[in-house]
Amino acid sequence: MTGRLMLLDTASLYFRAYFGVPDSVRAPDGTPVNAVRGLLDFIDRLVQDHRPAKLVACMDADWRPQWRVDLIPTYKAHRVAEEHEGAPDEEEVPDTLTPQVPVIEAVLDAVGIARVGVAEYEADDVIGTFTARADGPVDIVTGDRDLYQLVDDERGIRVLYPLKGVGTLQLTDEAVLREKYGVDGPGYADLALLRGDPSDGLPGVSGIGEKTAAKLLAEFGDLAGIMAAVDDPKAKLTPSQRKRLTEARPYVAVAPKVVRVADDVPLPDVDTTLPRTPRDPAGLEALAARWGLGGSLQRLLTTLGK
């Protein structure tokens, strides 16, 4: 045991499982369970390879929080399938994935893997808060590069980024970030803010791509330093950069709260210890029979029992 806490960006992983496992993997009644079984296989491999002492499946209780939308209305707007007044909007999700999510949740609960989602927050924010509160090293497993902002060598916080399934992971520490992006963890949030991210509906600063953003951060330290340079006629900014950053002030003023993950989410009190035996053996047996979870579940239970 390493004493590490492993935090799963669960939706990121079950999306990968859904697209990586054929939908011919089905329950006895013909319902696709490729995301369910794929996720169980992912967790099995992660536990085998990394042996965390604690494990939390972090969930999106709200994939598009209104407080983020209020600041940047385009935030994830292109992914909205249906809007709801006074309730979270529905995300556009493949038809055969949506019914599998409650099955995933029920199986994780019956196995005894801590599962945490908090109203009005994304899984990223849950991960950010667990990470902030951790008293030991943390592995964050996600296919979302936004969480690179949490990387911190001094605290032993790294991101395990799946390159192919979860058998091939990029162990992302500060050295990897500096090599690929020229920034450290907190710097990645500033980089993403400046560059923008079409997949999240973040416009970024017009004309400032990833390389320019990295150069500006190297020159001026952080976002605040860059914006201070805009007001300093002696600062080494091109006229074009100065103009674009000046025009982007309204965006830059609100974007940090949107881009940076929250670290103050009101987390429930949960037992994060990696389970050795199922919390609800009878319930799990019924789920396994109903959904045909077969070898995927059995392999995970065997690994957990070691």
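Side-chain atoms are counted along with the backbone in the values below, which use heavy atoms only and exclude waters and symmetry mates.
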By the side-chain hydrogen bond (donor to acceptor under 3.5 Å, both in side chains) test, which pairs, at least two apart or in different chains, include something from residues 206-231? R195-E210, S206-R244, D231-R249

Residues in salt bridge (charged side-chain N to carboxylate O under 4.0 Å, His left out) contact with R178, at least two apart in sequence or another chain: E174

Sequence neighbours excluded - side-chain hydrogen bond (donor to acceptor under 3.5 Å, both in side chains) pairs with any residue from residues 277-292: D29-R290

Pairs involving residues 110-121, ordered by first then second residue, that meet side-chain hydrogen bond (donor to acceptor under 3.5 Å, both in side chains) (sequence neighbours left out): D109-R115

According to side chain to side chain contact (heavy atoms under 4.5 Å, CB included), who are the partners of P99, at least two apart in sequence or on a separate chain? none

Separation between OG1 of T172 and CG of L150, rounded to the nearest 0.5 Å: 12.0 Å

Please check if atom CZ in R145 has more than 12 non-hydrogen atoms from other residues, nucleotides or ligands closer than 6.0 Å. no

Considering residues at least two apart in sequence or located in another chain, which fulfil the side chain to side chain contact (heavy atoms under 4.5 Å, CB included) criterion with P186? D184

Rounded to the nearest 0.5 angstrom, the CG-CG distance for L8 and L13 is 6.0 Å

Rounded at 0.5 Å granularity, tell me how far CD1 in I43 sits from CE in M6. 10.0 Å

Going from CG on L202 to OG1 on T74, what distance comes out if it is rounded to the nearest 0.5 angstrom? 6.5 Å

Applying salt bridge (charged side-chain N to carboxylate O under 4.0 Å, His left out), name anything that partners R158, two or more places apart in sequence or on another chain. D139

Any side-chain heavy atom of I127 within less than 4.5 Å of one from T142? no

R68 (side chain) donor-acceptor with V258 (main chain) under 3.5 angstrom: yes

Flag side-chain contact, heavy atom, 4.5 Å: L39 against Q100: no

Going by side chain to side chain contact (heavy atoms under 4.5 Å, CB included), name the residues that satisfy it together with K76, two or more places apart in sequence or in a different chain. W63, R64, R79, E122, D200

With sequence neighbours left out, the residues meeting ring pair (Phe, Tyr, Trp, His ring centres under 6.0 Å) with Y188 are Y148, Y181

Excluding sequence neighbours, so at least two apart, what forms side chain to side chain contact (heavy atoms under 4.5 Å, CB included) with T273? D271

For a side chain to side chain contact (heavy atoms under 4.5 Å, CB included) with L274, tell me which candidate from L55, V56, L5 qualifies. L55

Those residues that, when tested against R299, pass salt bridge (charged side-chain N to carboxylate O under 4.0 Å, His left out) (two or more places apart): D41

Can you tell me which residue pairs pass the side-chain hydrogen bond (donor to acceptor under 3.5 Å, both in side chains) test with a partner in residues 257-269, sequence neighbours excluded? D190-R260

